[in-house]
Every structure is written in C-alpha cells, then in structure tokens.
There are 2 protein chains.
Amino acid sequence: MHKKEETAEHQHIVWKKESDELTMGCRIFDVRTTRMHSPEGRSHNYYYLDSPDWANVIAVTKDKDDQDCFVMVRQFRQGLQQITLEFPGGVVDDGEKPEAAARRELAEETGYQADRMLPAGTICPNPAIMNNWAYTFIAEDVHPAQSQDLDDNELVDVELWPVPYVIEHMGTGVFVNAIMMVALDWYRRYTNYA
Amino acid sequence: MHKKEETAEHQHIVWKKESDELTMGCRIFDVRTTRMHSPEGRSHNYYYLDSPDWANVIAVTKDKDDQDCFVMVRQFRQGLQQITLEFPGGVVDDGEKPEAAARRELAEETGYQADRMLPAGTICPNPAIMNNWAYTFIAEDVHPAQSQDLDDNELVDVELWPVPYVIEHMGTGVFVNAIMMVALDWYRRYTNYA
C-alpha cells in the first residue's frame with residue numbers, strides 16, 4: 001500500500017470548490033462557508049476559518065546562573081481560559097514577512113531582540129478547518145533591548161525557563177499549546193538536541 | 001526570572017469572565033463571544049470556538065516487506081484545500097470516552113482494529129481561540145478487521161508508511177497537520193524512538 005507522497009495520482013479524493021463566501025467576521029479570523037463537490041458528485045458545505053498566518057520564535061539566552069534558557073511568555077489564554085507558557089509569537093500582519101513578524105513579536109511581547117532569525121519549519125495548525133500556516137524561527141544572539149509594547153487586550157509576563165526543563169515538560173501543565181510543542185520539535189530537529 | 005510552573009501566584013494576569021454567549025453554530029464547532037475583564041479593570045470581547053475534543057491514534061503494523069509502518073489516512077482537507085497524510089482520528093462524540101473515539105475512528109477510517117490503546121499524551125490545539133483537547137493513543141496488536149465506514153462528507157484513502165520515513169518527513173509535503181506532528185512527538189517520547 002505504499003504510495004508516492006505526491007498527489008497527482010490522487011485526484012479521486014480531491015474535492016472541487018463550487019462557492020466560497022464570508023459568513024462572519026471575528027476580528028482575528030473570518031468564518032467562511034465553502035460548498036465543495038467530490039469526484040463522484042457528492043456536494044457538501046464546510047465551515048472554515050480564514051486566518052492570517054502566525055509566527056513564533058524560539059529565543060535562547062543565559063540566565064543569572066549561566067544556564068541556557070528559553071525566553072517564554074506567560075499569559076491567560078481566552079480560548080482555553082487557562083494560563084499557558086509559550087514561545088513568543090503572534091499574527092503575521094498583512095504584507096508583513098513571517099520573519100519580520102517573529103522579530104516584532106519577540107520585541108513587543110518580551111523586550112528581547114536577536115541579531116539573526118533562522119527559519120526552522122512551518123506547519124498548518126489545523127488543515128480541517130483553518131487555511132493558515134505557523135512559522136517557527138530560531139533567534140540567534142538574543143539580548144534584552146527594550147521594554148514590552150503590548151496591545152491593550154494583552155497581559156504578558158516574561159520568564160526564562162531552562163531548555164532541558166521545557167523539553168521534559170512540554171505537553172504537560174502550562175506547556176500545552178500544540179503549536180509550541182511543534183515549535184520545540186522544530187528546534188530539536190534543527191539543533192539535533194536530544 | 002525563573003518562576004514556579006504553578007499559577008496560584010499569577011493572578012495579576014488572569015482575566016475574569018463577564019459573559020459568554022453563542023454567536024453562531026458551525027456544525028462541528030460553535031463560535032462564542034466572551035467578555036472578559038483584566039485585574040486592573042480593562043474589558044474586552046473575545047471570539048472563540050467551542051469545539052468537541054479530538055482523538056487520534058498511532059497504529060503500527062507490518063507491510064508486505066515486514067517493515068514497521070504507520071497506518072495513515074490520505075484525504076482532502078477542506079480548510080487548507082490540500083491533501084494531507086495523517087494518523088486516523090476525529091471528533092470525540094458527546095458522552096464518549098477519548099479512547100473509545102480513537103478505537104472507533106481507527107476502525108471507521110481504516111478498517112484496522114487494535115487489542116490495546118495506550119494513552120500517549122494530550123494537547124490543546126489552540127488555547128488562544130479554542131477550548132478543546134486532542135488526545136493521542138498508541139494502538140497495540142494492530143490488525144485489519146473490517147472495511148471502511150465513512151461519513152458521507154469523507155473520502156479517505158488508507159496507506160501504510162514506514163515509521164522512519166514519516167519521522168524524517170513530518171512537517172513537510174503532505175505531513176503538515178500540526179496535531180499529527182504533536183502525535184508523532186508523543187509516540188517518540190513514549191517509545192524512546194530517536
């Protein structure tokens with residue numbers, strides 16, 4: 001049953017679009033409705049979120065004990081209604097490059113800056129109901145440079161967490177954002193960090 | 001700046017709920033609007049998706065060349081409008097246990113069954129705008145048992161993919177669903193698979 005990864009031979013499962021319309025604007029995403037038909041002629045409506053891309057950034061710096069630490073943000077997440085600890089990140093603005101967004105979000109959320117941003121990987125947060133991509137960058141030569149510059153609807157604490165601790169605890173406690181688990185995986189793949 | 005992982009001391013970033021109401025039903029999720037206020041008295045509306053939990057299952061079986069392979073599903077994803085290759089999974093029904101959902105989805109989408117289902121980990125797909133959890137199970141003693149039993153709005157090919165190939169290519173090509181990258185990470189953590 002091995003198949004080629006490419007999809008040219010898989011047209012029998014490709015649905016075609018009949019229509020696609022705005023259903024409701026929700027500020028940080030739009031709900032849209034698309035009507036799709038299958039190759040054998042079935043037809044269904046699907047809701048999906050038309051969303052801007054996201055960018056996040058893994059920034060490692062030394063703490064006062066000279067340990068390698070991730071620069072992380074603690075905030076109350078309005079969907080889950082819980083506090084999480086995450087890598088800095090946010091929405092890629094219209095016309096902005098993902099790398100620029102990562103750089104901007106790092107500065108605004110944490111006050112840290114980095115001399116270089118390396119692309120580590122890109123993922124689709126939710127192909128079933130979303131159309132956007134999440135970019136992860138690795139910051140190099142990280143240093144504090146300014147104070148936070150948050151939106152009015154944000155409250156964010158900046159914290160340093162040791163790299164091995166976060167790797168061990170990712171997916172538990174306050175480290176439960178799937179996109180951060182992916183970002184950490186990109187980091188470990190990039191750095192060959194076991 | 002190290003802080004305890006627990007959140008009792010972090011009340012200064014916890015927003016409190018003023019109201020929470022249904023904005024629009026979208027079949028597989030509801031859009032809701034919540035009004036939240038911060039400890040210092042700011043007040044904002046947030047949209048979020050009230051969504052059922054999800055369950056997915058990593059099932060390894062031998063192919064005809066006796067290689068260890070993941071049982072995977074190829075389908076056209078209506079949000080991204082692209083084909084993806086994913087581990088089997090779907091929505092946890094009302095009143096259903098996540099393990100039962102994983103077992104059911106494995107059978108319905110692929111025709112495979114497993115004697116045991118081991119919980120590998122749980123993640124929040126999107127704490128910013130969703131309130132649900134995604135459970136990953138590892139199937140043991142996997143065997144073909146029945147034919148597919150799909151919903152009318154699904155078209156799914158079943159394919160076997162070698163474990164090392166998927167680990168190497170996760171996050172690229174058709175392997176771009178973030179929740180699957182997380183599920184694979186759970187699998188690697190659980191099995192100590194480098």
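Heavy-atom basis, side chains included; hydrogens, waters and symmetry copies ignored. Predicted, not measured: the structure shown is a model, and the values here were computed from it. Letters go in sequence order (proteins before strands), and every chain restarts at 1.
Taking Ile, Leu, Val, Met, Phe, Trp and Tyr as members and joining any whose side-chain heavy atoms lie under 4.5 Å apart, directly or through other members, B:Tyr48 forms no hydrophobic cluster with any other residue.
In terms of modelled atom types and a separation under 3.5 Å, the side chain of A:Arg42 and the main chain of B:Asp152 share a donor-acceptor contact.
Scanning residues 127-137 of chain B against chain A with a 4.5 Å heavy-atom cutoff picks out B:Pro127, B:Ala128, B:Ile129, B:Met130, B:Asn131, B:Trp133, ordered by number.
Both A:Val174 and A:Met72 belong to a common hydrophobic cluster when Ile, Leu, Val, Met, Phe, Trp and Tyr are linked at side-chain heavy-atom distances under 4.5 angstrom. Both B:Trp186 and A:Tyr187 belong to a single network of hydrophobic side chains, linked directly or stepwise wherever heavy atoms of I, L, V, M, F, W or Y lie under 4.5 Å apart. B:Val73 and B:Met180 end up in different hydrophobic clusters when Ile, Leu, Val, Met, Phe, Trp and Tyr side chains are linked at under 4.5 Å. In the hydrophobic clustering of ILVMFWY residues, with side-chain heavy atoms under 4.5 Å counting as a link, B:Phe70 and B:Leu118 come out together. If you chain together hydrophobic residues whose side chains sit under 4.5 Å apart, B:Val156 and B:Val91 never meet in one group.
Between A:Pro125 and B:Ile179, the shortest heavy-atom distance links the atoms O-CG1, 4.3 Å. Annotation for B:Phe175 and A:Ile123: closest pair O-CD1, 4.4 Å, computed over non-hydrogen atoms. Among all heavy-atom pairs drawn from A:Val31 and B:Cys26, the shortest one is CG1-SG, 4.0 Å. Heavy atoms only, all atoms of each residue included: A:Asn45 and B:Arg27 are closest at O-NH2, 4.3 Å. Shown here for A:Leu155 and B:Ile13, the closest heavy-atom pair between the two residues is CD1-CA, 3.9 Å.
When heavy atoms are compared at a cutoff of 4.5 Å, A:Glu154 approaches chain B solely by way of its backbone atoms N, CA, C and O. Interface residue A:Thr122: only backbone heavy atoms are found under 4.5 Å from chain B. For A:Arg32, no part lies near chain B; criterion is any non-hydrogen pair under 4.5 Å. Of the atoms belonging to A:Gln75, it is backbone heavy atoms, and not side-chain ones, that fall under 4.5 Å from chain B. In this structure, the portions of A:Met170 lying under 4.5 Å from any heavy atom of chain B include both its backbone and its side chain. Contact of A:Met181 with chain B is made through backbone and side chain together, with heavy-atom distances under 4.5 Å.
Rounded to the nearest 0.5 angstrom, A:Asp157 CG and B:Glu9 CD are separated by 9.5 Å. Rounding to the nearest 0.5 Å places NE2 of B:His10 at 7.5 Å from CG of A:Leu85. Taking OH from A:Tyr46 and CZ from B:Arg77, the interatomic distance works out to 10.5 Å, rounded to the nearest 0.5 Å. Rounding to the nearest 0.5 angstrom, the gap separating the CG atom in A:Leu49 from the OH atom in B:Tyr47 is 13.0 Å.
Chain A forms more heavy-atom pairs under 4.5 Å with one residue of B:Pro39, B:Gly171, B:Cys124 than with any other, namely B:Cys124. For the options B:Arg189, B:Gln82, B:Glu40, B:Met24, heavy-atom pairs under 4.5 Å to chain A are most numerous at B:Arg189. The candidate from B:Glu86, B:Lys17, B:Met36 with the greatest count of non-hydrogen atom pairs under 4.5 Å with chain A is B:Met36. Among B:Asn126, B:Ile28, B:Thr33, the residue making the largest number of heavy-atom pairs under 4.5 Å with chain A is B:Asn126.
By the neighbour-count criterion of 12 heavy atoms within 6.0 Å, atom NZ of B:Lys97 is sparsely surrounded, having that number or fewer from other residues, nucleotides or ligands.
The shortest distance between side-chain heavy atoms of A:Val182 and B:Val182 falls below 4.5 Å.
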Derivation and outcome, side-chain contact (heavy atoms from CB on, under 4.5 Å), residues B:Asp20 and A:Gln81: CA-CA 12 Å; B:Asp20 187 354; A:Gln81 296 272 307; over 6 Å; no
